[in-house]
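Working notes for the structure below.
In this chain, residues are counted from 1 in sequence order. Note that ligands are numbered from 1 as they come in the structure, with each ligand's atoms numbered from 1 the same way.
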Amino acid sequence: MTKKIPTRIYLNEEEMPKNWYNLRADMQEKPDPLLHPGTLQPVTAADLAPVFCKGVIEQELDDTTCLIPIPEGVLDFYHAYRPSPLVRAYYLEKVLDTPAEIYYKFEGTNTSGSHKLNSAGAQAFYAKEDGLTSLTTETGAGQWGTAMAMACGFFDLGLTVYMVKISSEQKPYRKALMEAYGANVIPSPSNTTESGKKLQEKNPGTGGSLGCAITEAIETAVKTDKCRYVLGSVLNHVLLHQSIIGQEAKTALDKYGVKPDIIIGCAGGGSNLGGLIAPFMGEKLAGKSNARIIAVEPASCPSFTRGRYAYDFGDTGMTTPLIRMQTLGSGFIPSANHAGGLRYHGMNSTLSKLYRDGFLEARSEVQTDVFDAAVRFMKVEGILPAPESSHAIKAAIDEALKCKQTGEKKVILFGLSGTGFFDMTAYTAYNDKTMSDQVPTDADLEKGFASIPDIPQNK
Ligand SMILES: *Cc1c(COP(=O)(O)O)cnc(C)c1O
């Protein structure tokens with residue numbers, strides 16, 4: 001094996017990106033604006049002010065500024081765990097016997113275990129800058145809640161996390177970790193909000209849902225003095241913060257003159273994918289690259305490949321602004337898939353638009369195939385991948401095997417968004433062969449589509 005390119009490519013201090021990259025600024029056709037659900041007019045900063053921090057509202061509504069300087073305080077925060085490694089997967093290439101070059105950007109080296117810390121740190125920073133004293137959020141699988149707990153610990157802010165009840169029972173260590181960082185973790189639905197109480201009256205004994213936890217977190221933020229709500233995916237400001245992933249990856253690859261032909265990421269709400277691909281997509285939009293860019297989603301929750309492109313709510317409580325996106329309907333309830341972080345009904349509006357316009361490809365995978373790929377990867381590369389990230393591994397392996405057939409030496413880059421240390425229940429199910437693949441029928445999807453608002457914009 002010749003190793004001209006090191007197995008792990010790192011950046012020096014002075015090579016680290018100092019800006020986030022706002023991909024929307026380079027899109028000729030912009031994603032449609034968020035709409036106020038009452039007036040159906042584009043939302044204004046004033047509409048969002050009771051819920052979100054000022055800094056992120058500005059970023060959410062900005063589709064013209066290309067490079068946004070990362071504040072010094074956020075750079076300090078990033079410095080604690082970045083740059084993340086960019087790894088040349090020599091061992092995976094060898095075991096696949098492929099002429100392709102495979103690289104992955106690994107976001108799982110921090111304690112929260114995923115890329116989510118990149119936006120958590122930025123959002124906590126802006127909250128502190130606004131003079132807030134606490135934040136609220138929701139968490140399903142637990143990754144986002146942990147990332148926010150770490151960020152609030154660092155910036156000395158209070159944090160209340162509404163954790164989907166069933167998940168807080170299944171993942172007691174996630175809860176303990178958030179509490180160790182100082183967060184107040186409340187299983188949702190709870191008795192601390194009107195929406196939580198109502199939901200329990202309607203569905204006694206319910207294990208909760210992400211949509212319900214979001215509704216509770218927003219209610220508490222709006223009712224509490226000097227408190228706002230933070231969201232870990234889907235919105236454009238979250239993708240902006242995650243662009244640090246792609247910026248670092250591109251700088252590191254440029255250092256060795258490597259240009260990826262195929263870029264792959266897993267997609268839940270779209271933040272790690274959007275962050276990884278941002279600078280590469282920018283080049284593609286400018287006609288400077290022909291790279292194929294591929295989103296991989298679970299077959300159990302296929303918002304890209306089987307969803308509708310429509311204005312829809314971000315939560316089941318129907319309290320968020322309307323977002324034009326690929327959606328299965330806010331009322332769609334995905335079957336229990338082990339990749340908890342990918343169980344979301346909608347997709348970021350920018351990625352949805354790029355998909356509609358043919359710049360982004362998408363495919364879906366069933367979970368047993370995804371775990372087969374995970375195990376193949378971890379045996380040779382030594383990293384236990386998160387089930388979410390393993391969707392990207394599956395597609396990367398498939399593309400590398402295609403190269404083996406055609407003899408093409410393509411360069412593949414994929415996002416390894418996190419580690420799977422808190423996902424051992426999923427690996428147990430895989431090992432025990434009790435894992436099953438649930439793919440919704442068209443009739444199942446119709447039920448979800450029925451919840452998409454019937455407004456003139458959707459006609
Ligand atoms: C949350 C999560 C995802 C999915 O979220 P996106 O916003 O689509 O990136 C993917 N991978 C990991 C490890 C996660 O924790």
Side-chain angles (χ1 to χ4, degrees), residues 84 104-120 123 137-150 163-164 167 171 174 177-178 210 213-214 230-246 264-278 294-298 300-304 314 323 325-327 334 337-352 355 360 362 364-365 367 370 374 377 383-395 414-423 426:
S84 71
Y104 57 91
K105 180 75 169 157
F106 181 41
E107 291 294 316
T109 57
N110 69 80
T111 294
S112 76
S114 83
H115 66 284
K116 291 197 173 73
L117 197 57
N118 302 330
S119 185
Q123 296 197 51
T137 197
E138 76 292 331
T139 200
Q143 289 99 312
W144 171 244
T146 312
M148 270 319 298
M150 288 177 71
M163 184 170 192
V164 177
S167 170
K171 296 188 162 185
R174 273 277 174 205
L177 182 53
M178 287 184 261
L210 200 56
I214 297 178
V230 287
L231 184 66
S233 183
V234 190
L235 293 177
N236 284 316
H237 66 267
V238 184
L239 264 76
L240 176 74
H241 305 151
Q242 295 298 353
S243 70
I244 186 75
I245 305 172
I264 300 167
C266 68
S271 75
N272 88 86
L273 173 73
L276 173 72
I277 70 173
I294 307 172
V296 192
E297 61 185 9
S300 60
C301 195
S303 52
F304 269 127
I323 308 169
M325 59 183 173
Q326 286 292 126
T327 181
N337 181 292
H338 287 292
L342 304 183
R343 295 182 69 218
Y344 185 71
H345 68 276
M347 187 54 59
N348 167 264
S349 62
T350 304
L351 296 179
S352 295
Y355 175 69
L360 177 67
S364 71
E365 299 291 351
Q367 62 179 349
V370 165
F377 170 86
I383 295 172
L384 173 76
E388 291 88 352
S389 323
S390 304
H391 287 71
I393 299 177
K394 167 75 169 87
F414 74 88
L416 190 67
S417 52
T419 67
F421 280 116
F422 285 106
D423 298 287

**Request:** Verify side-chain contact (heavy atoms from CB on, under 4.5 Å) between K105 and L416, making sure each step is shown before the conclusion.
**Result:** CA-CA 6 Å; K105 180 75 169 157; L416 190 67; over 6 Å; no
Can you sort out which atoms of ligand 1 are near [X], meaning under 4.0 Å from one of its heavy atoms?
X    : answer
E388 : 10 (C), 11 (N), 12 (C)
G268 : 8 (O)
S114 : 13 (C), 15 (O)
S233 : 6 (P), 7 (O)
L342 : 4 (C)
H115 : 2 (C), 3 (C), 9 (O), 10 (C), 11 (N), 12 (C), 14 (C)

Do [X] and [Y] meet the criterion of a side-chain donor-acceptor pair at a distance under 3.5 Å?
X    : Y    : result
S112 : T146 : no
S349 : N236 : yes
T137 : W144 : yes

**Message:** Give me the nearest non-hydrogen protein atom to atom 1 (C) of ligand 1 as residue plus atom name, then the distance to 0.1 Å.
**Reply:** K116 NZ, 1.4 Å
**Request:** Please assess H241 against Q123 for the test side-chain contact (heavy atoms from CB on, under 4.5 Å), listing each intermediate value before the final yes or no.
**Result:** CA-CA 9 Å; H241 305 151; Q123 296 197 51; 3.9 Å; yes
**Request:** Measure the shortest side-chain to side-chain distance between E107 and I245 over non-hydrogen atoms and say whether it is less than 4.5 angstrom.
**Result:** yes
**Fill in**
The option among G113, A267, S271, S417 carrying the non-hydrogen atom nearest to atom 6 (P) of ligand 1 is S271
**Message:** Measuring from atom 5 (O) of ligand 1, which candidate in G418, G341, P385, A386 has the nearest non-hydrogen atom?
**Reply:** G341
**Request:** Start with the C-alpha distance between S271 and H115, add both sets of side-chain angles, then the distance that settles side-chain contact (heavy atoms from CB on, under 4.5 Å), and finish with yes or no.
**Result:** CA-CA 9 Å; S271 75; H115 66 284; 3.3 Å; yes
**Prompt:** ligand 1 and V234, any nitrogen or oxygen pair closer than 3.5 angstrom?
**Reply:** no
**Message:** For the 3.5 Å polar cut-off, considering only N or O atoms, please tell me whether Q143 and ligand 1 meet it.
**Reply:** yes
**Request:** Using non-hydrogen atoms of the residue, decide whether Q242 is closer than 4.0 angstrom to ligand 1.
**Result:** no
**Asked** Has the side chain of E297 got a donor or acceptor atom that lies under 3.5 Å from a matching backbone atom of S303?
**Response** yes
**Request:** With heavy atoms under 4.0 Å as the rule, classify the contact between E107 and ligand 1 as side chain, backbone, both or neither.
**Result:** neither
**Prompt:** Given S364 and V296, is the side-chain contact (heavy atoms from CB on, under 4.5 Å) satisfied, shown in steps?
**Reply:** CA-CA 6 Å; S364 71; V296 192; over 6 Å; no
